[in-house]
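Sequential numbering from 1 along the given sequence is applied to the chain's residues.
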Amino acid sequence: MKTNLPISLALLMVFALVSTSGFAQVDKKQGCAMLERPLTAMGSCLGDSVWFDAGSFRGATYSWDFDGDGNMDLQHADRGQVKHKYASSGIYTPYVLIFNDSCTVGNRNDLMDKLDIAPVATPAFKIEDMVCEQVHARQIALPGQKVDSLVWKLSDGTVYRDKSLIHRFSSDMGTQFEITLLAYLGACVAASTKTVAFQPVEAKPNVYASSACAPARVTLSQPIDTHLLSYTWYLDGLPVSGAASHVMDFSAGTTHDVALVVKGQDGCMDSTYMGQAIQVAAPVVAQARASDTAVCVGQPIELMPTHTGHTGQAIYWGDGALDTVLNTRSHAFSKPGLYQVKVLATNSIFNCADTQVLQVKAFGIPQAEFSIKTEGACVPQMVEMDNRSKGKFTSMVLIMDQYDTLSFDDALLLRDPGTYEFRLSLANGLPTCKSEYVATLDLVSPLSAEQQVTISQISSQNGAFHLQWKGVDKMTTYEINLVQAEGFTPLAVVEDTQYQWVPLPGLDSFPAFSVRGMDACGAFSNYSHPAGAIALSGHYQTDSLPTLSWTPFTAWGESLAYYEIQKDLGDGWIPVGISGQPHYIDRDFNKQETMEARYRVVAIHVNGTWNSASTEYSFDYVSDIFIPTAFSPNYDNVNDIYEIVGTGMGKLQVQIFNRWGQKVYDNEGEKPQWDGKFQGNLAEAGTYICVVDMESPNGRSFNYQKAITLIR
C-alpha cells in the first residue's frame, strides 16, 4: 500500500510490552528502557527527511537501519534529533536500535505502514527552434514517472498551467525571459529554471519603388531569407497572377495602388504583412524648345518647357560633359563651341524623371581692327589699310564715308581736307555675330607762309620770363626762337601757347624771342615780331639818388621809341618816367617808399603794339650800423651797457662768446643790450667776440663779427 505523507504528518507508533498488542516486549529486569518516541516522516518525496527524536534516551547509543534490511547504516551517540534524506525513491521500513546500560532495545517499526518515497526528479527541458510567431518548449526527462501537472512560469509573473509536456509562448521578437518549469506528483514538486530569448519567425518586408512613374519597378527591399516565403502582389485590391517574386514591373501609362503580401512556407503559422500603398503615376515626359540653337557668344538663349507629368525641372547648360549647371531658363555662353543643353523634368512626389538633350552652337564674335597708313596729315594724301583683325570670320566689309567700299589691297588718294571715318564690319557664322571697328583721319591743307603767330604778352617774375601768344587754326606745335644778330635760333618746340624761359646765371644781356607755328604737314608760318627780355639792375648810395640800369634792347633796331620805367608800391604797376637811354635816376625818391618798391622797364615800339619785359628790381636798404669795440660795466653811468646802434636797421640778433667759446649773451630784438653779466654774475674782464645777424626791412640778411673788450 502506497501512502503520500505531508510534512506535518506524524506517525505515532506506541510500543507496549503487552502480549495482546503484538508489540515486542522488553525485559525490564534486564535494565532496558522503552522507546518513548517513534520515527517521524517529514515528507514522502524524494529529498524529504525522516527523523527520530531521542527524547528520554539521553546518554544512549542508537543505530539506524534506513532501508529495513537488518544492516545498521548509521550509529550515533546521544545527539538529540537525527534526520535522514533518501537519495532514491522506493518503499522503506526503517528502524532504530537503542543501547542503554548494556541492554539493547530494538524498535523495529514492524507494525508501521511502509515508507513510500516518491521519485520526483529535477525536470529537464529545452526550448525548441523558433516556429512562426511562437516558441516551442519540450519536457525531455522525468524517467520512469508521470507527473500529475506541469506549471510554466515567466519572469514577468505570467503563469501557464498545462499538463502537456509541450507549451508555446507568444512574445515579441528579441525579448528575453526567465522560464521556470514546476513538475507536480501529489505533494511532491521539482523545479528547473532557464533563460531563453524569444525570436519569433516574422516576415516583414519593406516595399519601395525604384521608380514610381511608369514604366516603373516596385521591389521588396529586404526579403526574409530564413524561411521560404511566398509573395502576392495586389493592384487596386486584386491579386496579380504570375507575380510571385519580390520584384514587380508596371507598364507605361498605368496608375495603380500597389500592395504586397508575404507569407512564410514552413508549415507553421503564416506571417502576413501588407506593404505601404504605392501609386504608380503616369510617365514624366521632358520637352523643351530653345529660342534659338545657333547664337553668338554673349547672346542669351531661352528655353520654353512643355513638360508633362512633372512637378519640377532642372536645366544643365554645359559642353559635351555637361560640366556647368545653371537652373535658369535663360543663359548666355561665354566662349564659342558646340554645347549640349540637358533639360530634366522630375516628379518629386514619385521620384521619377525624364530628360531631353538639345544641341546649341555658339559662334564667337571676331575682333575687327585695322590701321590707316599715311605719309602725313595734309592733302593730297595716299591712304592704305593695314588689317589687324583677329579670329576666324566669314565676311569682311570696309565702308568709307564719301567713298565706295574699299578692299584692303587698294590705296586711295585723298585730295580734299576734312575728317574721314573708316568702318570695318566683320561677321562670323551668323549675321548677328559681328563687330565693327571705326577709325578716323583728319587731313588739313598746309599752312601758308603769310600766316603768323602774335605774341600777346611777355612778363617776368622771380627771374623768369613768361611768353604767351595767339596761334591760328591748323597749327599743331609752336617753335620758340632766339632773335640774335645772326638770325633766328630754335630754342624749344611746344604744343601749348605759352612758354617760360629762365636765363642762365652770368648773362650780361638777354635775347629777344620770336614764335612761329607748325602744322601736321610740317609746314611753318612766318616768324612773329620779336618780344624782348631786358636785364634790369640798380645802384644806391645813402648820399645819392637811386639809379636804374638795364641792357639795351636792340631787336627792334630803329623801331624802338623809348623805355618806360614802372614802379609798384603794392597797388600795381604805374609809369613813373621814360628814358631814351638804358638808365634812369628816380628823382622823386622817398627812402622809406622806394626801399619797399619794385621797378621794371618796358621797351616801347614805334607802333605801340609790340611787347617787351624786364626783370624786376628792388633796392636794398643801406644801413649805417655801429658795433662798439669796448665798454666798462662798472656802474659809473658811463659806457655801462653794450648795444648796437645805427640807421636803416631791421631785426637784430646779438650773440657774445668768451675766449673759450662759451656763449655769455644771446638776445633778439630791435635794440639788444648786454649789462656785462653772465649767469647772474659779473663777467670777467677781457676780450669777447660779438656776432650780429641783421635782417633789413626789405628782407635781406647781413652778418657782422667783431672783437670787443670788457673793462673793469
Side-chain angles (χ1 to χ4, degrees), residues 447-472 475 477-494 496-518 524-538 547-568 572-586 598-617:
L447 289 170
S448 63
E450 288 74 19
Q451 293 173 302
Q452 190 176 29
V453 175
T454 300
I455 297 179
S456 59
Q457 181 181 354
I458 179 172
S459 60
S460 66
Q461 187 175 7
N462 298 326
F465 288 89
H466 186 77
L467 280 77
Q468 288 183 309
W469 57 86
K470 294 181 181 179
V472 296
M475 292 184 183
T477 56
Y478 299 91
E479 182 184 78
I480 296 91
N481 292 267
L482 299 179
V483 181
Q484 298 173 320
E486 60 270 18
F488 297 95
T489 302
L491 177 64
V493 176
V494 296
D496 203 354
T497 56
Q498 58 184 350
Y499 177 72
Q500 179 173 287
W501 179 74
V502 180
L504 296 175
L507 291 179
D508 55 0
S509 64
F510 289 169
F513 302 96
S514 180
V515 181
R516 65 174 179 171
M518 182 173 62
F524 288 96
S525 67
N526 277 339
Y527 290 99
S528 70
H529 62 81
I534 301 172
L536 178 62
S537 62
T547 301
L548 295 172
S549 300
W550 56 88
T551 56
F553 187 73
T554 60
W556 297 341
E558 296 181 356
S559 297
L560 174 65
Y562 56 85
Y563 297 100
E564 182 180 84
I565 296 89
Q566 300 176 356
K567 181 190 291 188
D568 180 14
W573 295 99
I574 59 173
V576 295
I578 61 175
S579 175
Q581 301 299 323
H583 57 84
Y584 176 77
I585 299 174
D586 187 1
R598 295 183 299 159
Y599 291 88
R600 73 179 184 183
V601 174
V602 177
I604 305 299
H605 193 271
V606 293
N607 62 16
T609 59
W610 293 7
N611 294 275
S612 69
S614 71
T615 54
E616 298 176 6
Y617 186 81

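Taking every heavy atom of both residues into account, Phe553 and Gly532 meet most closely at CE1-CA, 2.7 Å. Between Pro582 and Tyr563 the shortest heavy-atom distance is N-CE1, 4.3 Å. Here the shortest heavy-atom pairing between Leu536 and Tyr599 reads CD2-O, 3.5 Å. Smallest separation of non-hydrogen atoms from Ile455 and Ala531: CD1-CB, 3.8 Å. Residues Ser514 and Val483 approach most closely at CB-CG2, 3.7 Å, considering heavy atoms. Scanning both residues, Arg516 and Phe524, for their nearest heavy atoms gives NE-CD2, 3.4 Å.
Here Ser528 contributes atom OG and Glu479 contributes atom CD; the two are 11.0 Å apart, rounded to the nearest 0.5 Å. Between the CD1 atom in Ile604 and the CG atom in Leu560 there is a gap of 9.0 Å [rounded to 0.5 Å]. From Gln468, atom CD reaches atom CG of Asn611 across 10.5 Å, with rounding to the nearest 0.5 Å. A distance of 4.5 Å separates CD1 in Ile458 from CG in Leu467, rounded to the nearest 0.5 Å. If you take CG on Asn481 and CG on Leu491, they are separated by 8.0 Å, rounding to the nearest 0.5 Å. For the atom pair Gln484 CD and Thr554 OG1, the distance stands at 10.5 Å (nearest 0.5 Å).
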Note to self: Determine whether Thr609 and His529 satisfy the following criterion, side-chain contact (heavy atoms from CB on, under 4.5 Å), listing intermediate values before the conclusion.
What the structure shows: CA-CA 10 Å; Thr609 59; His529 62 81; over 6 Å; no
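Below 30°, between 30° and 60°, or above 60°: for Phe488 and Tyr527 the angle between ring planes is below 30°, a parallel geometry.
The closest side-chain heavy-atom distance from Ser525 to Gln452 is not below 4.5 Å. For the pair Tyr584 and Ile578, the minimum side-chain heavy-atom distance is 4.5 Å or more. Between Asp586 and Val576, the closest side-chain pair of non-hydrogen atoms is not below 4.5 Å. You'll find the side chain of Leu482 reaches within 4.5 Å of the side chain of Phe513, heavy atoms only. Between Ser460 and Arg600 the shortest side-chain heavy-atom distance does not fall below 4.5 Å.
Between the side chain of Glu616 and the main chain of Gly463, no donor-acceptor pair closer than 3.5 Å is present. Looking at Trp556, its side chain does come within 3.5 Å of a backbone N or O of Pro530 through a donor-acceptor pair. Proximity of a side-chain donor or acceptor of Ser614 to a complementary backbone N or O of Val601 within less than 3.5 Å is detected.
Applying the side chain to side chain donor-acceptor pair (under 3.5 Å) test to Ser579 and every residue at least two apart in sequence or in another chain returns nothing. For Tyr617, the ring-ring contact (aromatic ring centres under 6.0 Å, His included) partners are Phe619, not counting sequence neighbours.
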Quiz: residues 498-506 side-chain donor-acceptor pairs under 3.5 angstrom, not counting sequence neighbours:
{"residue": "Gln498", "atom": "OE1", "partner": "His466", "partner atom": "NE2", "Å": "3.2"}
{"residue": "Gln498", "atom": "NE2", "partner": "Asp496", "partner atom": "OD2", "Å": "3.3"}

